[in-house]
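Heads up, the thing below is written out as structure tokens.
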Amino acid sequence: MGVLNSLTAILALGAVSNAVHIVVHSDGGNKTSDTPYGLMHEDINNAGDGGIYAELIRNRAFQGSPLYHANLSGWTPINAAVLSLKQLSTPLSSALPNSINVAISKNSSTTGSIGISNDGYWGIDVRKQKYKGSFYVRGDYEGTFVASLKSALTNETFGSVTIPSECSADQWVQHNFTLIPPKAAANSNNTFTLTFTPSGAASGSLDFNLISLFPPTYKDRENGLRIDIAEAFAALNPKFLRFPGGNALEGPNLQYPWNWNETIGPLKNRPGRPGVWGYQTSDGLGLVDYLNWCTDMELEPILAIWSGLALDGAYINETDLQPWVEDALNEIEFVTGDVSTSYGKLRAELGYPEPWTLKYVEVGNEDWLAGAPSGFDSYKQYRFEAFNTAIKAKHPEIQIIASPSVYDNFTVPAGAAGDYHPYRQPDNYYNEFHKLDNLTSSNLTLVGEFASVHPNGGIDWDGNLHPFPWWIGSVGEAIFMISTERNGDRVIGATYAPILRNMNRWQWSACMIEFEADTSKTTLSTSWHTFQLISTHQITHTLPTTPAEGNTTSLFWVAGKNEGADGFVFKAANYNTTNSEPTPVNIKVEGVEKGTRAQLTLLTSDGGPFAYNDPATGNNAVVTTTKVVVADGEGVFGFEMPELSVAVLDGTKGYGKAKEGV
Ligand SMILES: *[C@@H]1O[C@H](CO)[C@@H](O)[C@H](O)[C@H]1NC(C)=O
Ligand SMILES: *[C@@H]1O[C@H](CO)[C@@H](O)[C@H](O)[C@H]1NC(C)=O
Ligand SMILES: *[C@@H]1O[C@H](CO)[C@@H](O)[C@H](O)[C@H]1NC(C)=O
Ligand SMILES: *[C@@H]1O[C@H](CO)[C@@H](O)[C@H](O)[C@H]1NC(C)=O
Ligand SMILES: *[C@@H]1O[C@H](CO)[C@@H](O)[C@H](O)[C@H]1NC(C)=O
Ligand SMILES: *[C@@H]1O[C@H](CO)[C@@H](O)[C@H](O)[C@H]1NC(C)=O
Ligand SMILES: *[C@@H]1O[C@H](CO)[C@@H](O)[C@H](O)[C@H]1NC(C)=O
Ligand SMILES: *[C@@H]1O[C@H](CO)[C@@H](O)[C@H](O)[C@H]1NC(C)=O
Ligand SMILES: *[C@@H]1O[C@H](CO)[C@@H](O)[C@H](O)[C@H]1NC(C)=O
Ligand SMILES: *[C@@H]1O[C@H](CO)[C@@H](O)[C@H](O)[C@H]1NC(C)=O
Ligand SMILES: *[C@@H]1O[C@H](CO)[C@@H](O)[C@H](O)[C@H]1NC(C)=O
Ligand SMILES: *[C@@H]1O[C@H](CO)[C@@H](O)[C@H](O)[C@H]1NC(C)=O
């Protein structure tokens with residue numbers, strides 16, 4: 001007996017004295033949401049166009065609006081070409097009324113080719129891979145087109161393809177091509193060019209529109225997602241996607257809400273719209289594309305429907321609201337209806353006979369904010385009620401989510417849920433660890449957006465946002481995530497926002513992933529790492545602990561188990577400690593025998609509280625340590641958590657089996 005014990009003590013790291021002692025009980029606790037963590041999409045910082053939407057050509061269809069006039073931005077002439085923006089009497093479609101005319105300069109005697117060049121979204125990533133392109137041309141033309149990917153710096157051509165003209169006078173004719181560059185570019189400062197020989201064009205000029213080029217996409221989806229960003233998302237083990245925004249859903253004014261019906265079908269039928277972040281959006285990433293994203297990443301859609309409030313604070317009066325309620329019902333029918341319904345039939349005609357399942361619909365976005373107090377009053381008085389009643393009557397299976405939460409001075413009607421958006425200083429998350437504990441079973445809450453955005457002690461909202469997620473901010477978020485998970489029977493799920501930022505555009509920071517055209521420069525922030533660790537070790541049931549509070553002065557935790565995998569999972573975040581000493585932690589798990597192994601993954605920073613992952617240098621401030629911890633004779637797992645660290649101790653049987661013999 002004595003021999004066995006001392007043997008175990010050698011194998012085990014051993015329980016530590018003066019430690020925080022936590023008992024994880026084997027019974028009790030609650031079943032938690034199936035969707036603890038997810039994604040939220042907002043076209044901000046070119047997160048959509050020029051971001052996860054894989055299209056490489058900027059301003060591919062000259063879309064415009066009274067807010068952002070159609071223009072030739074992104075396009076430059078090649079050789080003696082003269083470019084002009086046209087509104088032809090026979091446009092490609094009513095949705096895309098503008099096109100580019102490419103003519104030979106009157107003074108030119110060239111017999112060579114002319115054309116157009118596009119510089120992409122601050123460059124184009126050129127690799128030895130298959131690019132799929134297409135463009136529409138109008139005009140009588142005998143000859144060929146040449147599509148190429150070239151260096152903007154040296155004019156070196158990495159790949160070219162010759163496309164025989166299928167043109168016919170007075171018609172818009174689509175030309176498709178594929179291009180596989182035999183050579184990769186050394187950097188992303190590249191252009192896409194399209195040329196033709198003007199002597200073959202009857203009128204000396206041709207009109208072009210919807211000029212598109214896609215690299216390979218996530219799961220090879222047509223009109224799909226940029227692979228590296230999609231894979232960084234998938235690695236987070238997300239379970240839901242909240243779309244299409246955010247403020248993007250609201251639209252800049254009542255004239256331009258996000259109209260689902262104008263984001264579906266062939267790209268030539270999508271007019272695009274003025275986004276709310278200072279640029280026109282193409283709507284190439286539309287309703288069906290979001291749903292395909294859900295299918296491809298196995299995400300539960302959280303479909304946000306427009307609730308009659310625009311970002312400028314204007315809202316729809318009660319007497320005018322009914323058509324929008326109908327519109328929302330039509331949208332839901334488009335997503336979920338079988339082919340015998342009129343909108344289900346429309347979906348089938350677009351190539352999607354199988355309906356999607358919709359468990360969550362959110363009514364609006366942050367209806368407590370824009371136009372408050374009267375905008376919020378209108379939501380409380382009639383807007384939410386009108387949508388809630390109509391959707392519930394027709395779709396009792398759908399969980400309806402109101403855009404404010406119980407923390408926004410809003411009484412969530414019975415049966416509905418709320419949406420809480422805590423953008424915070426890290427200390428706020430520390431102080432508010434127990435905030436969600438008072439949710440009742442009838443106060444279901446989604447956390448549709450959260451992030452540390454201001455430094456501790458900084459000025460909220462009037463001060464600067466933090467440029468990147470930073471370590472103490474990420475640890476604060478981890479404390480918050482733990483607080484959502486321990487209340488996982490009443491919290492539907494939580495997602496960081498906004499997630500993406502193209503480094504050439506700034507509307508908001510901090511963001512979880514930064515990127516640019518060059519896919520090798522994609523930066524996973526400190527918050528990506530903490531989110532990923534906590535999200536990938538899923539808990540499907542909480543387990544009670546003693547002490548029950550889930551916190552000491554620095555250490556915050558949640559324990560649980562995972563359906564289908566015996567054992568336990570323990571997650572903890574350690575904030576500021578006394579004298580910056582590490583915190584020894586002893587975890588006794590009821591029913592665990594000595595010698596049981598669990599895997600500890602510990603995240604710390606190599607640069608203190610303010611370290612961040614800098615896209616300019618590609619550094620990673622997050623240090624990940626993984627080790628096996630063995631339960632001692634008392635069934636106690638002992639380890640230390642440094643100040644400002646996040647850890648998961650995974651003691652699921654699946655893990656133990658896989659690592660037998662470690
Ligand atoms: C289970 O949920 C109830 C409230 O729904 C809560 O009081 C209790 O602390 C939860 N138990 C655990 C172990 O999280
Ligand atoms: C030019 O057009 C693009 C593409 O539609 C749009 O995003 C941009 O805002 C426009 N620029 C201006 C100055 O209006
Ligand atoms: C490409 O190079 C040109 C010339 O050096 C420079 O002006 C431009 O900013 C570069 N663009 C990108 C996307 O790097
Ligand atoms: C690239 O081609 C353009 C257009 O033909 C020309 O103006 C430019 O000088 C060339 N640049 C280099 C580096 O050759
Ligand atoms: C071009 O490709 C698309 C699908 O990628 C297809 O729908 C369309 O019919 C093709 N057009 C032509 C002219 O082949
Ligand atoms: C889409 O729906 C909106 C709102 O019902 C409507 O105003 C608009 O005309 C529709 N667009 C199309 C192309 O049907
Ligand atoms: C709402 O009604 C008021 C009063 O009739 C009117 O002034 C306002 O223009 C209406 N708003 C909208 C968006 O129709
Ligand atoms: C909460 O809402 C009520 C009713 O709309 C309002 O009278 C009160 O001023 C609000 N309080 C806060 C703190 O917003
Ligand atoms: C939370 O739920 C309780 C019932 O459990 C209800 O009385 C209360 O109004 C809800 N709180 C809010 C703010 O909706
Ligand atoms: C929970 O506490 C918050 C304050 O943090 C309070 O505003 C809210 O009304 C409380 N909710 C319930 C259901 O007691
Ligand atoms: C820790 O939990 C206790 C309640 O058990 C609470 O009084 C205390 O404020 C909490 N500390 C923090 C930092 O959340
Ligand atoms: C934690 O330490 C940071 C400095 O690293 C400080 O800004 C912050 O206010 C401290 N928070 C608490 C709750 O002690």
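The first residue in the sequence is number 1, and the count goes up from there.
A centroid separation of 6.0 Å or more is found between the aromatic rings of Y379 and W368.
Judged by distance alone, the side chains of E42 and W277 do bring a donor and an acceptor atom under 3.5 Å apart.
Taking a cutoff of 4.0 Å between a charged side-chain nitrogen and a carboxylate oxygen, K150 and E156 do not qualify as a salt bridge. A salt bridge does not link E354 to R347: none of the charged side-chain nitrogens sits closer than 4.0 Å to a carboxylate oxygen.
F531 and F450 have parallel rings, their planes meeting at less than 30° on a 0 to 90° scale where 60° marks the start of perpendicular. The aromatic rings of Y423 and H421 stand perpendicular to each other, their planes meeting at an angle above 60°, with 30° marking the opposite boundary.
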Could you go through the side-chain hydrogen bond (donor to acceptor under 3.5 Å, both in side chains) check for R127 and T519 one step at a time?
CA-CA 10 Å; R127 286 163 204 275; T519 57; 2.9 Å; yes
Go through D367 and R383 one step at a time and tell me if the salt bridge (Lys or Arg N to Asp or Glu O under 4.0 Å) criterion holds.
CA-CA 10 Å; D367 284 272; R383 287 193 293 117; 2.7 Å; yes
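Between T523 and M512 the shortest side-chain heavy-atom distance does not fall below 4.5 Å. With contacts defined as side-chain heavy-atom distances shorter than 4.5 Å, the pair Q129/I180 does not qualify.
Heavy-atom minimum distance, L285 versus G48: CD2-CA, 4.5 Å. Listed here is the closest heavy atom pair of N613 and S525: ND2-C, 3.6 Å.
Within a 6.0 Å sphere centred on CG of N504, heavy atoms belonging to other residues, nucleotides or ligands number more than 12. The number of heavy atoms from other shown groups lying within 6.0 Å of OH (Y279) is above 12.
No donor-acceptor pair under 3.5 Å is formed between the side chain of E300 and the backbone N or O of K239.
Considering D49, N118, D119, N46 as possible partners of R58, the one that fulfils the side-chain hydrogen bond (donor to acceptor under 3.5 Å, both in side chains) test is D119.
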